[in-house]
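Heavy-atom basis, side chains included; hydrogens, waters and symmetry copies ignored. Naming convention: chains lettered A, B, ... in sequence-line order (proteins, then strands); numbering from 1 in each chain. From a predicted model like this one, the values you see are computed outputs, not experimental measurements.
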There are 2 protein chains.
Amino acid sequence: MSLSRQLSPSRTRDDGRGIPDATVARLPVYHRVLRALGDEGVHTISSDHLAQSCGVSPAKLRKDLSHLGSYGTRGVGYDVALLSYHISRELGLSQPWGVVIVGVGNLGQALVSYRGFASRGFEIVGLLDSHPDVVGKRIAATGVDLIVAPMAELETMVRESGASIGVIATPADAAQKVCDRLVDAGVRSILNFAPAVLVVPDEVEIRKVDLAVELQILAFHEQRRVDDSSHLAQVMNA
Amino acid sequence: MSLSRQLSPSRTRDDGRGIPDATVARLPVYHRVLRALGDEGVHTISSDHLAQSCGVSPAKLRKDLSHLGSYGTRGVGYDVALLSYHISRELGLSQPWGVVIVGVGNLGQALVSYRGFASRGFEIVGLLDSHPDVVGKRIAATGVDLIVAPMAELETMVRESGASIGVIATPADAAQKVCDRLVDAGVRSILNFAPAVLVVPDEVEIRKVDLAVELQILAFHEQRRVDDSSHLAQVMNA
DNA sequence: TAGATTGTTAATCGATTAACAATC
DNA sequence: TAGATTGTTAATCGATTAACAATC
């Protein structure tokens, strides 16, 4: 990946590469808000207003957007449609990405029924599960109905559908094996919902969503609040 | 919250407060891995091995743990049970926290069936939904069965159960109103699964889990890979 | 021109990393 | 004592922020 940068030394700006991770993580939010604004008939918006709608500071928003190029107009603001387009292009939303979901339990089914997939150009191209009760079941996704395939078909499914993103929604103890098979089949983007630390080769991008981690972070702050108020009470009693 | 720090200037170490956010976010992973190691009968582990199991660098792990205190033994490593205990204490897992889930659709039900709640001292104390088809439904959680209550009971439920964490699993357009009601009822820790930017007072800790954001970050990297290899191909053809 | 707002700069802050002295 | 491993230090890196010159 550094190769292409070395090969294109003439580029001035970041130009699509070199966008900070923290910025990339916020672009989807900006994009969603801009789409909503467009639907409401808003054509132009300032960084101050957009930042407020996105829950970030105006400085951060402008800095983030500056990595994409110069798509605002000084004294006026940003054209909602234009900015929305450039963000979606940067995020790779202008082309469809195939998604395979492994594990069709409660969570897997919740993911299938999520409408945010299709509306952003993600297409669920396959569902896999190991449990005989689930295999063969017909699940309604946005647009198409899908039939849950047995795990044995993982490699075939990935290859034939050209899926590029794999979602792991299995129990923790099955996750690493599923991950290995996805990677061997050519998947290099993985979203892991299983509470397990997965090992992947360097070239694979893996992201983890962990309910227990989120709850425990909240518990930490909750406890801190309790501690603080009891300290305060102690001092006030003294 | 800075008050208690001001009031306790004698403390030397971070002492529970002042732990960096990035560290707090990793503690639950360390804790989970340590519990698994304990179950396997491992009594002692070095930072190198534990770091590898947790998917972080040894330097980062030791730095993180140093914020909790000095619970390792030079030349030996960490006592699994002791370290596990101190992390859980720091995270506030030694006391139970009540959780209210608002929105019992596919996702809400997936959350209820998640076993990671009870095993870490979180107790689901209430389920709420606005849809008449769902209200009154009996849902099996770990330990207890719960009956979905109507939204009108939100305030009563929070007050009577003393719930401290609210989980929002509603559609996006309902999320802000639900959030406001939770905060008004006294909830100051919120986990938001709705794809919406929620506004909360400063004293409320809010965390967001956003499937679309995760997918779009993966799409960004996937596209970058494609771009890079086509650049490479161009150059090699030339 | 005057007012508004962007895009960029430079300072600050927080997180990561590597190296190593302390010490079991 | 010799080998192993922690806890800490200092350097580096990346992200955030505030201020403002550029410019519509």
Q: Choose from D:dA15, D:dT5, D:dT17 the nucleotide whose nearest atom is closest to any side-chain atom of A:Asp21.
A: D:dA15
Q. With no angle test and no hydrogens, is the base of C:dT23 tied to the side chain of B:Arg74 by a donor-acceptor pair under 3.5 Å?
A. no
Q: Please state whether the phosphate of D:dG7, meaning OP1 or OP2, lies under 4.0 angstrom from any side-chain nitrogen or oxygen of B:Ser70.
A: yes
Q. Taking CG from A:Leu65 and C1' from C:dT6, how many angstroms apart are they, rounded to a whole number?
A. 10 Å
Q: Could you check which nucleotide pairs with D:dA21 in any of the strands shown, counting Watson-Crick or G-U wobble with both distances under 3.5 Å?
A: C:dT6
Q.
What is the separation between atom NZ on B:Lys60 and atom P on C:dG14, rounded to the nearest whole Å?
A. 18 Å
**Q.** Among D:dA15, D:dT17, C:dT17, the one nearest B:Ser57 by side-chain distance
**A.** C:dT17
Q) Looking just at side-chain N and O atoms, do B:Gln176 and B:Asp180 make a donor-acceptor pair shorter than 3.5 Å? A) yes
Q) Where the side chain of A:Pro20 is defined as all heavy atoms beyond and including C-beta, which of C:dT8, D:dT6, D:dA15 is the nearest nucleotide? A) D:dA15
Q.
Please enumerate all residues that pass salt bridge (Lys or Arg N to Asp or Glu O under 4.0 Å) together with B:Arg74, with sequence neighbours excluded.
A. none
Q.
For the backbone of A:Tyr85 and the side chain of A:Arg89, can you confirm whether one donor and one acceptor N or O come within less than 3.5 Å of each other?
A. no
Q.
Partner lookup for D:dT16, please. Criteria are Watson-Crick or G-U wobble with both distances under 3.5 angstrom; report none if nothing qualifies.
A. C:dA11
Q) Under 3.5 Å, is there a donor-acceptor pair between the side chain of B:Arg225 and the main chain of A:Glu203? A) yes
(Q) OP1 or OP2 of C:dC24 versus the side-chain N and O atoms of B:Thr73: is any pair under 4.0 Å? (A) no
(Q) Tell me whether the rings of A:His86 and A:Tyr71 are parallel (<30°), tilted (30 to 60°) or perpendicular (>60°). (A) parallel
Q: Write down the distance between CG (A:Leu50) and P (C:dT6), rounded to a whole number of angstrom.
A: 9 Å
Q. Would you say a side-chain N or O of B:Arg26 is under 4.0 Å from OP1 or OP2 of C:dT16?
A. yes
Q.
Nearest to the side chain of A:Ala59, heavy atoms from C-beta on, is which of D:dA18, D:dT16, C:dT6?
A. D:dA18
Q.
Taking any heavy-atom pair under 4.0 Å as a contact, classify B:Ala22: base, sugar-phosphate, or nothing.
A. sugar-phosphate
Q. Is any side-chain nitrogen or oxygen of A:Tyr78 closer than 4.0 Å to OP1 or OP2 of C:dA4?
A. no
